[in-house]
Engineer: 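Before I ask anything, let me first share the structure, which is written out below as structure tokens.
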Amino acid sequence: MKQISVVIAIMTMWLLSFLAMSAVGQNVGVPSRVSSMAYSSTGLVNGVDAIGINPALITLPKGQRVSIALLPFSLNAGTDFFSYETYQKYFTGVPGSVAERDPYYMNTAEKTELLDMFNGRTGTIRASMSYTLAAVSVSTPAGSFAIGIRDRIATNAVIPRSLAEFFLFGNTPGTTFDFSETSISSSWTRDYSFTYAQRIQFSRKQAPALSFGATIKYVEGYGYFGLDQFNSTFRTDPDSFVVSGRAQAHALYAGTDWMAQSDIFKFQLFPTPAGSGYGIDLGVMAELSTAFRVGLSFTDVGNINWNRNTREVTADEAIEVSDLGSYQQLDEITRRLNGKEHAISSFSTPLPTAITASAAYSFSRFLGVNRPMHLALSVREGLNSAPGNSTIPHVGIGAEWEAVPSIPIRLGVAAGGGLSPMLAAGIGLKMDSFTLDIGTNSLDSYVSSNHAALSVAISGRLDF
């Protein structure tokens, strides 16, 4: 119906403007060895791979003195209410007679099927990318030291089921739509870190031993967008068909100059920061025996103060449409929904603070052969909802077996963190001082179209 189409366009215009702006940034990444074991191996990594995970583990194995990262990269995206199979079926169209692809028109049963993919009142979308520009760790008799430069881009979004229902069925008369649970946060940051760690042996034997470490980081922020309030509701009267409601919203934005100007061609690898701050990581690892170790770490404790190109957008307006054919009314509603934008001096946001507990058990022999096997367990819980973080505990269990010398094979499974269960896998290659690791924490996305996540991680390092 024409009425439904017009109201949909009006009521969603303001939200879609925020969704478009969220593309300025997105945070949180891990080495390939950790990703390919479903984040369970946070107690196994060492050297540069431990930067940002557990500073106590930057210490290197006996005989090694220097570890250099070779541009590690990780990319992760996932949702708990949508799948690639659904996208292919409903949103890529069908072969057309005139155009190459014609739209696919869903019936009521198919629309209901889409809504049923929501497990509750809301759905979650997360995306993150991390890459290391430079990192090196050095072990000395006085302890281990590491420096690193890492970028993190991440986005969190919470989509209410009622918003999907509105898009699919329109403004059904007599139904009240409530979008108050909508939230979006997105950021691009870079941290310059310095780490110190020390390992203490309590006897001449390799274990028991205790390692502890700390990281101090200076963080630059290049872009941030946060929609923290969208208390918008509306209802269509079943008798008069008058649409009434209220839009209440609040959002904050900051960006480096080329973002503020919306000019991608002015992109710079080292742009002028839009904000800065400081953070710390703390970690400890106890080696209870040569085979068993447990660890605990607190990461990204701190915040960023944004003070360049900072904007605040607010809306608190009543909505009423009595004549959908009146362009004057529609223009006025659109203006109210767009909200009011004004410059502010600064605002602060937290880093993605988290606590991680880990345990690992190693076998020197497995299946009767002298090939090392590692079993790992990790539990991570975010302490805030900063971009890339989740306050829902994430549990990972994984294994690594070097069945073929110098080629470790890794598997893992994880649940929690606000997303669907994940199956991870990966492989490594060790050649003298060079190590290459490749993995994914969403293996099902490569073997089936019925998935809701996509990830890839690759990392290399040199150890001397």
Side-chain angles (χ1 to χ4, degrees), residues 31 33-34 37 39-69 135-146 195-215 281-298 356-379 396-410 412 428-435 437 459 461-464:
R33 188 181 184 189
V34 175
M37 295 177 68
Y39 303 108
S40 66
S41 57
T42 54
L44 290 174
V45 294
N46 57 49
V48 290
D49 287 347
I51 297 176
I53 295 178
N54 187 337
L57 294 177
I58 67 164
T59 56
L60 293 167
K62 187 176 181 180
Q64 294 181 4
R65 290 290 179 265
V66 180
S67 178
I68 303 173
V136 59
S137 66
V138 180
S139 290
T140 73
S144 296
F145 303 84
T195 304
Y196 172 77
Q198 183 63 264
R199 184 175 183 272
I200 302 173
Q201 288 186 217
F202 297 100
S203 68
R204 293 185 178 181
K205 296 181 179 180
Q206 189 70 14
L210 180 68
S211 299
F212 56 89
T215 298
D281 298 344
L282 301 172
V284 62
M285 176 62 67
E287 299 172 55
L288 304 179
S289 70
T290 55
F292 184 53
R293 56 165 61 179
V294 294
L296 184 69
S297 65
F298 291 87
T356 302
S358 60
Y361 192 91
S362 301
F363 300 89
S364 58
R365 292 174 57 88
F366 186 71
L367 296 180
V369 296
N370 291 321
R371 297 286 181 263
M373 157 72 83
H374 306 288
L375 301 179
L377 168 68
S378 180
V379 180
I397 301 174
E400 178 184 78
W401 185 32
E402 200 169 316
V404 177
S406 301
I407 305 180
I409 298 173
R410 304 173 180 117
L429 176 63
K430 300 178 180 179
M431 299 184 299
D432 296 326
S433 60
F434 174 71
T435 299
D437 296 314
S459 56
R461 54 185 278 184
L462 293 174
D463 298 312
F464 303 97

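Note that these values count all heavy atoms, side chains included, but never hydrogens, waters or copies made by symmetry.
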Engineer: Heavy atoms, side chains only, cut-off 4.5 Å: are M37 and L44 in contact?
Structural biologist: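 Counting from C-beta outward, M37 and L44 do come under 4.5 Å.
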Engineer: Rounded to the nearest 0.5 Å, what separation is found between the CZ atom of R293 and the NE2 atom of H374?
Structural biologist: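 It is 9.0 Å, given to the nearest 0.5 Å.
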Engineer: Do the non-hydrogen side-chain atoms of Y39 and T356 ever get within less than 4.5 Å of each other?
Structural biologist: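 Counting from C-beta outward, Y39 and T356 never come under 4.5 Å.
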Engineer: For the residue pair R371 and E402, what are the closest heavy atoms and their distance?
Structural biologist: CD-O, 3.0 Å
Engineer: Rounded to the nearest 0.5 Å, what separates atom CZ in F434 from atom CG in L429?
Structural biologist: 7.0 Å
Engineer: If you measure only the distance, is there a donor-acceptor pair under 3.5 Å linking the side chains of T195 and T215?
Structural biologist: yes
Engineer: Are R410 and E400 ion-paired here, with the side-chain N under 4.0 Å from a carboxylate O?
Structural biologist: yes
Engineer: Can you tell me how far the CG atom of N46 sits from the CE atom of M285, to the nearest 0.5 Å?
Structural biologist: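 If I round to the nearest 0.5 Å, the distance is 10.5 Å.
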Engineer: Hey, is D49 close enough to R461 for a salt bridge, meaning N to O under 4.0 Å?
Structural biologist: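 So D49 pairs with R461 through a salt bridge.
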Engineer: Any donor-acceptor pair under 3.5 Å linking the side chain of Q198 with the backbone of A142?
Structural biologist: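 Such a contact is found between Q198 side chain and A142 backbone.
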Engineer: Which atom names give the shortest non-hydrogen contact between A207 and S289, and what distance separates them?
Structural biologist: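 Closest pair (atom of A207, atom of S289, distance): CB-C, 3.4 Å.
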Engineer: Does a side chain donor of either S40 or S378 reach within less than 3.5 Å of an acceptor in the other side chain?
Structural biologist: no
Engineer: Measuring only between side-chain heavy atoms, which start at C-beta, is P31 closer than 4.5 Å to I53?
Structural biologist: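 Yes, side chains in contact.
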Engineer: Minimum heavy-atom separation for I58 to I51, with atom names?
Structural biologist: CG2-CG1, 4.4 Å
Engineer: Which value, rounded to the nearest 0.5 Å, describes the distance between L282 atom CG and L296 atom CG?
Structural biologist: 10.0 Å
Engineer: Can you see which heavy atom on S211 is nearest to which on T59, and at what distance?
Structural biologist: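 Shortest heavy-atom separation between S211 and T59 comes out as OG-OG1, 4.4 Å.
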Engineer: Report yes if some heavy atom in the side chain of S433 is under 4.5 Å from a heavy atom in the side chain of Q64; otherwise report no.
Structural biologist: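 Result no, sub-4.5 Å side-chain heavy-atom pair not found.
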Engineer: Locate the shortest heavy-atom distance separating D463 from S67; write the atom from each residue and the value.
Structural biologist: OD1-OG, 2.9 Å
Engineer: With heavy-atom distances below 4.5 Å as the criterion, would you say the side chains of L377 and Y361 are in contact?
Structural biologist: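 The answer is no, as the side chains (C-beta and beyond) never meet within the 4.5 Å cut-off.
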Engineer: What are the two closest non-hydrogen atoms of S137 and A146, and how far apart are they?
Structural biologist: CB-CB, 3.7 Å
Engineer: Find the distance between CG (D437) and CZ (R33) and round it off to the nearest 0.5 Å.
Structural biologist: 7.5 Å
